[in-house]
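Working notes, structure below.
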Amino acid sequence: MGHEDLNNESENHSQIQDSLYRDEEKMEESANVAYLLTLGILLGLALRELNKKTKFPYSPMVLTCGLLIGLLQSYLGYLGTSANILSHMHPHLIVYVFIPVLLFESAFNCDWYIFKYQIVNILLLAGPGVGWGAILLGIVFKLFLFYGDEDMNWYQAFTLGSVLSATDPVAVVALLKELGASAAFNHLIEGEALLNDGVAMVFFIFFNKLSKAAAGIGGGVTFGGVLLNFFRNSIVGPLLGVVVGFFGALWAKKIVGDDVEVGWLTFIFTYLTFYWAEFCFFKTSGLLAVVSLGLFWSAFGKTRIRSESEHAVHTVWSFVQYFCDTTVFLLVGMIVGTEVIEENYIYTSDYFRMILFYFFMIICRYLMVISFWPLLKKYGYPMSQPELIVFVYGGLRGALGLTLSLMVGCDEDLPQRFRHLAVFFTAGMAALTNLVNGTTCKALVNYLNMIENPVIKKRVYKRYLTDMIVNQTDTIKELEGDEHFAMADWNQVKSLVGSQQFLEEVVSLENEIKLIQGGNMSRISYEGVTDTETFCEVRYRVLRILKGIYYSKFEHGQCDEDSVRLLVESSDVALDHTGSILNIWEQLFQSFTSFSSIQYFFRVKEWTFLGGYAQQYITKHLGFVYDVTTTFISSANEIISLQQHMPVNKNAVKLIMEEIKTEINKAELYLGSLNDTFPEVIRAIQTKRASHTVLMHQRHHLEENQKNGFVDDKEFNQLKSNIDARLVQLENHVFDWQIPSFHSFAMEFPIFAGVPKEELDTIIKSTYEKRYQTDEIIYEKGMTCQNIYIVQKGNVIDEVGPHQLKKGLGTLLSYANLIGDGKCMSTSRAVSESVLHSLNLNVLKSLMQKSPAFEQKIYVNSIEYLIKLYESQAGPLGQMEQKSLGTFLRQKSQFKKFDIHSNVEFMFGGYIIRGEIQSCIQDENEGIERYNDYCYVPPRENDFTVTKALICLIFDDSIDVIKQDRLEQFNLENQEEVIEQRFSRIDVQQKYQQQEL
């Protein structure tokens, strides 16, 4: 008994030892496998460089390398052994690990607006199109390639047809983008490939079940079961993706300043969506669920990601997409190569049939598309005949089809001959389509002249090139005068930076334009051109710039995610109609709820239970409307300020700018109605936006200081966490809607900050409320001024000379009247029903005498009026935008008063509000310089003498405006002529230098 116990103990000890035992050889094999994959990525990087130089498609090259590794594995030693191990990897593992990432990344990075517009055509081609294509290919196998039932029955033929219906045109899409094909056509190809991957797998499972059922394997297939499976896969799967995407977007919105968490969140939800769909109680299509998740994030999730994290997320996903794409093609190539070596069920006749099938497959794809042609022309963007040919020819077969074929090959319930035929035909079609179609598609596109390159685009490109040459020459001249570059070989510099190449390209473009226009070069300079093509090009460029400005404002925290999504979509809609007059505001306005519905919620907000929800809805919706409107106005105004830089016909640009101004006027009128109708909500919104702007400015300032080394990491993290916490608190903060009393309003009004309470009480006692109807005059220029006004409700226009200044809630009318001689210096009228608080002029003037700080604020704020009243004397101040002017005057100027005979220095210039000065030293050419009331004083090194009591602003820094010598170059009136003249001189000089050489 003791001996048995000892044996049992020894056996148990052996079992424990076995459970901890690890085979050293297996460990080495694992290391070799990891090593092989690493070398594969290195090989991919080398092929990527080869792709940049030769433009040979990347995916076919990787697939070919994988095939070679699989075929030559017996000659590669331990790397060949590793390739053999990988080649026997179960194909389901490829689907589970790599395919969800590839599908999500493609869907996540698509243009949602174009995808949405093409959605009907995409669904037609990727839904019934895949089923119809699978049936056509199955017919080819049975009726044209003469495969009998011993090779494959009809259901198996349709199963293989489903496998071969999944397209993967990565190489073609990349090529079309490079050649400049329309985004709509690219999205049709990419969208079809994106959805047909999941649909092909659904049909694959369906026909495979039918095949097994016909052979008596598995359960029977009923019509009800088919409908249930179709509903579960096509509806439940995508719905699951939307639901998961919604909760993921909510979570992402709560993450502030943590790029790692946001990136991992997108990864985790991608795999969880696939796993829940495939393996949990849903039992639906994981691929379609992941596609739906990616599309939801493309439409709504991107803008939920904080702007500071968005770039990091896209970078990480691009990295992972490249890794997965390269690894999948490499693995599939190795698996197929290994199958070829070990193949015993493929005959010589199959190779001839495979070549023949390649042509049949293209014909079947053409028949599939033509079957839906009437519907394809009716919905989405129209497809031209050349695009139809490229669409059919560009349907490459790729990773998912190969993976599905390997899943067939692993299914022991299917006949061996069919399993091997499935892998054989799919691998052959992947190789042929990638190596033949992928490499010759560029020649086909060029042969068909599919991509239009109109004269207007050639003109614009030529204009960019000439501008670049002029800029390059300026830079070289500037460096030639730098002593640190005195020994540089400038002829070699010009050769290295490509000056001659740019010149040759300009000449080539000129010849092309001459050829198109029959030798008429007058149109190249855009003289008298008013054709539709030019206006379309200008609108196209304006709208593209406008989209960029929207995104820039979002990234800098100046507008909300819902707002930027609507604004960008409005530009996308306008880009589809560049042949018509711009109507951006109408598109935006249609997305707003009517005032009547908002008024209903205002009544509901008083109810006991629903009041809180109604108030939240009103604040959120009106905040959204206000955010969209103000962002559009500021962005459109920015476009107008950029018009001189547009390298297109100046007359066309002016006309399009008038269209933009019309849209701005519509938006400003609507904004005025918002201020009139909901002043209490607008006040809360402005308070929230101001707080958000301050916090974002603090954050950028902190990040800049850390970058410059002024703040260490510990301090940076502590301060950043504090700011991030405040941003989250701000989003959840509930604001008081009550309109404040004038006393509270005056206490908060910036102009009265720092005024003693007793003085402020005196002002308030002299205040009374006045109401004005639409178009009613408040005061007129030249009339005696007795009161100053603060706008409490409504909108007012102040007519200052030829200018109209729009004043809304919280503005003062007018600072200039406070510093005048008792007469109104402008005319003011109400543009809507307005409520103004009237302040006694004499009381305010008395306060100016008592408080130097208050007096300074009045004078500084009055400059806005003075430079418009006396434009000829405003100098560079007249060129500055209002916001920049106010910032400069507040931060970089000093308010000063000087008695007669005092000396004054204007090192950086200044502005005289009242008084007179003259130069102390007489200039030989200009004599004595004199400046008086409402006049800009340019920077001078010499002192001035005060000849009349002086009130002025002295600048502490130079005005940041375009230098006069560069102003000519960017003047819209003569921009093209100046650039062309300078380019002609450069061209002549370089030709002369070449002749000398």
Do T326 and Y58 pair up side chain to side chain, a donor and an acceptor below 3.5 Å, judged on atom types alone?
yes
Using side chain to side chain contact (heavy atoms under 4.5 Å, CB included) as the criterion, list what pairs up with [X], not counting sequence neighbours.
X    : answer
S82  : N32, V33, L36
I363 : L367
F357 : L137, V140, F141, L145, L164, M361, F425, M429

Only counting residues at least two apart or in another chain, list the ones meeting side-chain hydrogen bond (donor to acceptor under 3.5 Å, both in side chains) with [X].
X    : result
Y147 : D350
E190 : none
W373 : none
E105 : N109

Going by atom type alone, with no hydrogens or angles, which donor-acceptor pairs under 3.5 Å involve a side-chain atom of residues 115-135 and a protein atom two or more places apart or on another chain?
{"from": "K116", "atom 1": "NZ", "to": "E569", "atom 2": "OE1", "distance (Å)": "3.3"}
{"from": "K116", "atom 1": "NZ", "to": "E569", "atom 2": "OE2", "distance (Å)": "2.9"}
{"from": "Q118", "atom 1": "OE1", "to": "Y381", "atom 2": "N", "distance (Å)": "3.0"}
{"from": "Q118", "atom 1": "NE2", "to": "A184", "atom 2": "O", "distance (Å)": "3.1"}
{"from": "N121", "atom 1": "ND2", "to": "L376", "atom 2": "O", "distance (Å)": "3.4"}
{"from": "N121", "atom 1": "ND2", "to": "Y379", "atom 2": "O", "distance (Å)": "2.9"}
{"from": "W132", "atom 1": "NE1", "to": "S371", "atom 2": "OG", "distance (Å)": "3.0"}

Looking at Y347, I'd like to know if the NZ or CZ of R353 sits under 6.0 Å from its six-membered ring centre while staying within 45 degrees of the ring's axis.
no
Contact list for residues 384-411, test salt bridge (Lys or Arg N to Asp or Glu O under 4.0 Å), sequence neighbours left out:
K212-D411
Residue pairs passing the salt bridge (Lys or Arg N to Asp or Glu O under 4.0 Å) test where at least one lies in residues 128-153, sequence neighbours excluded:
K142-D149, D151-R417
By salt bridge (charged side-chain N to carboxylate O under 4.0 Å, His left out) - contacts of R419 (at least two apart)
none
Please examine the side chains of Y366 and L388, heavy atoms only from C-beta on, and report whether any two atoms are closer than 4.5 Å.
yes
Validation: residues 262-271 side-chain donor-acceptor distances under 3.5 Å, sequence neighbours left out:
{"from": "T266", "atom 1": "OG1", "to": "G263", "atom 2": "O", "distance (Å)": "2.6"}
{"from": "T266", "atom 1": "OG1", "to": "W317", "atom 2": "NE1", "distance (Å)": "2.8"}
{"from": "T270", "atom 1": "OG1", "to": "T266", "atom 2": "O", "distance (Å)": "2.7"}
{"from": "Y271", "atom 1": "OH", "to": "V97", "atom 2": "O", "distance (Å)": "2.6"}

